[in-house]
Student: 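The structure's right below; bear with me while I get my questions together.
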Number of protein chains: 2
Amino acid sequence: MGLFSKKKSISVQTIRRLPQYLRVLYDWHGYGRELASSTELAQETQVPPIVIKKDLQAIGAPSKMRAGFKIKGTISAIENFLGWDNLNKAFLVGAGHLGAALLGFSGFKNHGLEIVAAFDTHPERVGNEIHGVHVYHTAQLKSVIEEKKLKIAVLTVPGPAAQGITDTLVACGIKAIWNFAPVKLAVPPDVAVQQEDIASGLAELCAQLKRK
Amino acid sequence: MGLFSKKKSISVQTIRRLPQYLRVLYDWHGYGRELASSTELAQETQVPPIVIKKDLQAIGAPSKMRAGFKIKGTISAIENFLGWDNLNKAFLVGAGHLGAALLGFSGFKNHGLEIVAAFDTHPERVGNEIHGVHVYHTAQLKSVIEEKKLKIAVLTVPGPAAQGITDTLVACGIKAIWNFAPVKLAVPPDVAVQQEDIASGLAELCAQLKRK
DNA sequence: ATCATATGGATATAAAAATATCTACATCTT
DNA sequence: AAGATGTAGATATTTTTATATCCATATGAT
């Protein structure tokens with residue numbers, strides 16, 4: 001064992017389950033509860049207790065033998081692991097239906113995300129506010145990003161426009177893109193892209209339906 | 001080998017990749033192209049060629065040795081596998097921001113889904129049309145489902161309302177629920193539920209960002 | 001004080017998914 | 001006509017992820 005301890009990588013599946021645990025833990029914490037066992041969490045989340053145990057161990061959640069995991073400490077551990085303990089300034093490109101819906105979703109502040117600006121090219125949208133967020137013209141991307149020190153991009157533009165906007169974002173130094181356009185983006189290796197493809201979920205549902 | 005050939009189950013990951021292939025294939029088919037190799041598809045989708053090969057083999061896509069997969073036949077194979085070759089009548093419960101955005105998304109008709117009704121409880125929404133879809137009061141769920149022979153439910157209600165609505169849907173005989181509420185639904189085993197949790201994707205992005 | 005019990009911790013096993021390797025063959029080039 | 005090449009097909013291997021098993025321990029009941 002050398003100086004550089006090999007950091008055990010945490011699986012994508014584990015990461016995707018963490019917000020689910022977090023919601024239940026917030027709830028219980030609100031009721032003043034202090035401890036929760038993996039079996040109790042399992043009942044609420046329908047995730048097997050062994051999986052929960054392993055997930056929470058992986059991120060180093062504090063626990064009490066025989067009694068379960070400490071709720072407050074586990075919340076902190078998850079929030080810290082995800083960086084949700086302080087807000088990242090984000091912006092949205094493409095203020096269409098989906099974009100507007102995301103701007104109206106108040107829950108992001110609990111998830112480390114604060115959307116403080118929006119961009120679009122449609123004249124009837126530019127200059128207005130949507131759910132309290134000002135809509136700039138896309139041409140102003142660079143200046144506003146620098147001025148407001150924005151870090152995370154939420155992409156809700158039509159597919160054909162996505163790669164072009166992405167190139168601009170990369171040129172502006174953006175390192176994280178949450179992409180709702182049904183297009184695989186090409187980016188340098190130091191830029192994180194999270195692809196949301198609504199069709200994948202629908203495909204899963206339809207495949208389930210066909211099997212039954 | 002007996003009478004009952006064991007149907008090899010197709011992995012969830014494969015199913016989630018199929019729509020991605022489909023988009024590229026539609027595009028190429030539109031240009032009159034007839035054959036596509038897994039390496040070419042790999043370039044476009046950023047999915048490794050071996051994975052593509054295995055996925056397409058799994059659903060029995062037709063191919064030509066040395067030349068690749070037949071585009072038209074592969075489109076048919078994917079559409080057939082997902083049941084996207086004929087439209088399922090669907091409805092949406094909860095015509096808020098997200099619900100309205102989904103109603104405005106025209107792409108579902110290419111994905112076997114036709115949303116023909118919406119439901120809500122807010123008086124200012126009931127009776128109106130959103131993107132051409134009529135909004136009924138939630139109390140009318142049962143009668144409208146039966147009258148219009150609706151099959152698939154899209155749930156975009158607030159979390160606390162989700163389980164109650166689900167119980168009603170199950171009582172109405174609905175067998176497929178696409179759930180956008182951040183709640184795990186309890187349903188009988190013959191009902192398919194697909195959970196969409198926007199927080200999971202955000203968690204993935206934030207975890208990536210922290211690593212870099 | 002003693003014992004039963006439910007839990008996290010650690011390890012081992014199994015299952016699923018991704019990746020690599022090799023073969024046969026149809027097409028193209030020469 | 002002969003050979004090189006890039007492909008699907010089949011199989012094997014590795015990696016990842018999920019699940020099971022056993023153990024030590026803190027808690028609560030007796």
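Residue numbering restarts at 1 for every chain, and letters A, B, ... go by the order of the sequence lines. Just so it is clear, the model here is predicted, and its values are computed rather than measured.
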Student: Atom CD1 of B:Ile52 to atom P of D:dT7: distance rounded to whole Å?
Tutor: 12 Å
Student: A:Ile75 and A:Trp84: side chain to side chain contact (heavy atoms under 4.5 Å, CB included), yes or no, with the steps?
Tutor: CA-CA 10 Å; A:Ile75 288 174; A:Trp84 288 2; over 6 Å; no
Student: Whether B:Asp197 and A:Arg23 form a salt bridge (side-chain N of Lys/Arg under 4.0 Å from carboxylate O of Asp/Glu) is what I want to check.
Tutor: yes
Student: Going by the angle between their ring planes, with limits at 30° and 60°, are B:Phe105 and B:Phe108 parallel, tilted or perpendicular?
Tutor: perpendicular
Student: Between A:Arg17 and D:dA18, is there a contact of a side-chain N or O with OP1 or OP2 at under 4.0 Å?
Tutor: yes
Student: Just how far, in rounded Å, is C1' of D:dT16 from CD of B:Gln13?
Tutor: 11 Å
Student: Given atom CG of B:Asp55 and atom P of D:dG9, what is their separation to the nearest angstrom?
Tutor: 13 Å
Student: Between C1' on D:dG6 and CG on B:Leu35, what's the gap in Å once rounded to a whole number?
Tutor: 13 Å
Student: Using the ring pair (Phe, Tyr, Trp, His ring centres under 6.0 Å) rule, take B:His97 and A:His97 through it: C-alpha gap first, then chi angles, then the decisive distance, then the call.
Tutor: CA-CA 8 Å; B:His97 297 140; A:His97 297 140; over 10 Å; no
Student: Considering only NZ, NE, NH1 and NH2 on the basic side and carboxylate oxygens on the acidic side, decide whether B:Glu40 and B:Arg33 come within less than 4.0 Å.
Tutor: yes
Student: Is the phosphate of D:dT16 approached by A:Ser11 (side-chain N or O, under 4.0 Å from OP1 or OP2)?
Tutor: no
Student: Quick one: is D:dG6 close enough that its OP1 or OP2 comes under 4.0 Å of any side-chain N or O from B:Thr39?
Tutor: no
Student: Measure CZ/A:Arg16 against C1'/D:dT16 and give the value in whole Å, please.
Tutor: 17 Å
Student: Only one of B:Leu169, B:Asp167, B:Val193 forms a side-chain contact (heavy atoms from CB on, under 4.5 Å) with B:Val187, so which one is it?
Tutor: B:Val193
Student: Between the protein and nucleotides 19-27 of chain D, list every N/O to N/O distance that falls short of 3.5 Å.
Tutor:
residue: D:dT27; atom: OP1; partner: A:Lys64; partner atom: NZ; Å: 3.2

Student: Answer yes or no: does a side-chain N or O of A:Thr14 lie under 4.0 Å from OP1 or OP2 of D:dT17?
Tutor: no
Student: For the pair A:Lys72 and A:Glu34, find out whether any cationic side-chain nitrogen is under 4.0 Å from an anionic carboxylate oxygen.
Tutor: no
Student: Over how many whole Å does the gap from A:Ile10 atom CD1 to D:dT16 atom C1' extend?
Tutor: 15 Å
Student: Figure out the CD/P separation between A:Gln57 and D:dT17, and round it to whole Å.
Tutor: 17 Å
Student: At less than 4.0 Å, is any side-chain N or O atom of A:Ser63 found next to OP1 or OP2 of C:dG8? Yes or no.
Tutor: no
Student: Are B:Ser38 and D:dT7 close enough that a side-chain N or O sits under 4.0 Å from OP1 or OP2?
Tutor: no
Student: Write down the distance between CD (B:Glu34) and C1' (D:dT7), rounded to a whole number of angstrom.
Tutor: 18 Å
